[in-house]
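See below for the structure under consideration.
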Amino acid sequence: MNLKVAIQKSGRLHEDSVALLNDCGIAVKNGHNHLKSVADNFPLEVYFLRDDDIPQYVEDNVAHIGIVGENVLFEKGKSIDVVEQLGFGKCRISVAVKKGERYDGMQYLNGKRIATSYPVITQKFLDDNKISAEIHEISGSVELAPSIGLADAVCDLVSSGSTLFMNGLQEVQTILKSQAVLVKSKQLDPGQQQLLDQLLFRIRAVKKAKNNKYVLMNAPNDALDKIIALLPGMKSPTVLPLAETGWSSVHSVLSEDEFWEKIEALKNAGAQGILVVPIEKMII
Ligand code: ATP
Ligand code: MG
């Protein structure tokens with residue numbers, strides 16, 4: 001029995017999705033010339049699809065699980081469950097208006113025409129804020145709409161904002177922050193759920209490892225107390241004597257968000273020769 005996973009065939013989520021499976025020790029061939037591939041060393045079958053179609057496949061249980069952006073997930077409104085946020089494919093859906101236009105809050109949008117390929121998400125934002133505006137659904141080149149007179153504002157996917165800028169628009173309001181998520185069907189049988197749990201265990205180990213670094217440093221023994229107090233470690237730091245008397249080697253794990261702050265403090269406390277090493281998997 002195979003667990004069937006739907007991932008994007010090509011586009012912004014494709015590479016990170018394949019890389020995630022590979023990092024989980026699952027050898028998946030690249031999907032550019034295939035629609036389907038079977039992993040060699042895990043009972044997993046991969047379907048390569050347009051991202052828009054993934055929620056439907058998962059709802060129908062044709063694919064048991066999938067990797068898709070929250071933007072697409074919320075827009076499609078299918079009845080499926082989010083299992084895990086994956087930390088890649090980060091982008092946002094924002095409202096943009098013509099450069100130079102005075103936007104003085106959401107009320108600006110009252111009575112306006114908004115062009116978007118996300119009518120569901122846009123309508124929800126309008127309803128939540130009790131704004132009444134006209135939505136024009138278009139499937140591409142949304143950022144052109146204001147300059148050709150089709151709309152007063154757009155509601156579109158933004159990553160850096162450079163596309164908006166080049167089209168004479170300014171981003172004025174974020175309405176959804178999105179990243180890739182792992183989703184699952186509501187109809188998994190116990191065997192499929194068990195395979196998903198195994199996969200999820202690996203995904204979490206990979207994610208955790210990416211957010212952490214292994215650090216090694218030398219420390220004079222009289223500075224050890226201060227240094228150990230700065231280090232969390234998985235339980236507590238490892239302290240090993242160096243060949244030179246009066247010195248120790250201290251090993252620990254630091255998370256990305258506190259990393260630079262801690263390194264600075266460790267140096268000030270007397271640590272020397274600090275080495276930082278990536279961690280491949282982390283199982284707690
Ligand atoms: P498909 O052919 O599969 O329908 P698409 O053209 O609709 O692809 P892409 O542009 O490849 O979609 O984007 C896929 C998803 O990646 C988006 O729905 C969004 O979740 C995410 N995404 C979009 N832009 C970015 C970006 N600049 N950086 C990271 N992720 C992004
Ligand atoms: Mg798409």
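Sequential numbering from 1 along the given sequence is applied to the chain's residues. Scope of the values below: all heavy atoms of this structure, side chains included, with no hydrogens, waters or symmetry mates. First listed ligand is number 1; within each ligand, the first listed atom is number 1.
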Practice item. Would you please classify the geometry between the Tyr108 ring and the Tyr103 ring as parallel, tilted or perpendicular, with 30° and 60° separating the classes? Key: tilted

Point to revise | For Gly11, the ligand 1 atoms whose distance to one of its heavy atoms is below 4.0 Å | key: 11 (O)

Check your understanding: Tell me: protein heavy atom nearest atom 7 (O) of ligand 1, and distance?
Key -> Asp51 OD1, 3.2 Å

Review point. Side chain, backbone, both or neither: which part of Leu157 comes within less than 4.0 Å of ligand 1 when only heavy atoms are counted?
Key: side chain

Exercise for review: Would you mind checking if Lys112 and Glu134 are paired as a salt bridge, meaning a charged N to carboxylate O distance below 4.0 Å?
Suggested key: no

Point to revise | Asp152 and Lys98 ion-paired at < 4.0 Å | key: no

Review point. What residue and heavy atom of the protein are closest to atom 9 (P) of ligand 1, and at what distance?
Key: Gln8 NE2, 3.8 Å

**Study point:** Distance under 6.0 Å and angle within 45° of ring axis: Lys76 vs Phe74
**Key:** no

Review point. By atom name, which N, O or S atom belonging to Asp52 lies closest to the Mg ion (ligand 2)?
Key: OD1

Exercise for review: Return yes when atom NZ of Lys226 has more than 12 non-hydrogen atoms of other residues, nucleotides or ligands closer than 6.0 Å, and no otherwise.
Suggested key: no

Check your understanding: What is the ring orientation for Tyr214 with His251, classed by angle as parallel under 30°, tilted 30 to 60°, or perpendicular over 60°?
Key -> perpendicular

Study note, to complete from the structure: Among N, O or S atoms, Asp51 approaches the Mg ion (ligand 2) most closely through OD1

Check your understanding: Can you tell which part of Asn71 has a heavy atom less than 4.0 Å from ligand 1: side chain, backbone, both or neither?
Key -> side chain

Check your understanding: Do other residues, nucleotides or ligands put more than 12 heavy atoms under 6.0 Å from Glu101 CD?
Key -> yes

Review point. Near Gly69, which atoms of ligand 1 are under 4.0 Å from a heavy atom of that residue?
Key: 20 (O)

Review point. Should you measure from each heavy atom of Asp52, which atoms of ligand 1 turn up under 4.0 Å away?
Key: 4 (O), 7 (O)

Point to revise | ligand 1 atoms in contact with Gly89 (distance to a heavy atom under 4.0 Å) | key: 29 (C), 30 (N)

Review point. What is the closest protein heavy atom to atom 2 (O) of ligand 1, and at what distance does it sit?
Key: Arg50 NE, 2.9 Å

**Study point:** Backbone or side-chain N or O of Tyr118 under 3.5 Å from ligand 1 N or O
**Key:** no

Review point. Considering only protein heavy atoms, which is closest to atom 28 (N) of ligand 1, and at what distance to one decimal place?
Key: Lys90 O, 3.6 Å

Review point. With distance as the sole criterion, is a donor-acceptor pair present between the side chains of Gln193 and Asp189 under 3.5 Å?
Key: no

Check your understanding: Any idea which protein heavy atom is nearest atom 10 (O) of ligand 1, and the distance to it?
Key -> Arg12 NE, 3.6 Å

**Study point:** Lys207 and Glu84 ion-paired at < 4.0 Å
**Key:** yes

Exercise for review: For Val72, take its heavy atoms, then give the atoms of ligand 1 lying under 4.0 Å from any of them.
Suggested key: 18 (O)

Review point. Any ion pair linking Glu171 and Arg92 (charged N to carboxylate O, less than 4.0 Å)?
Key: yes

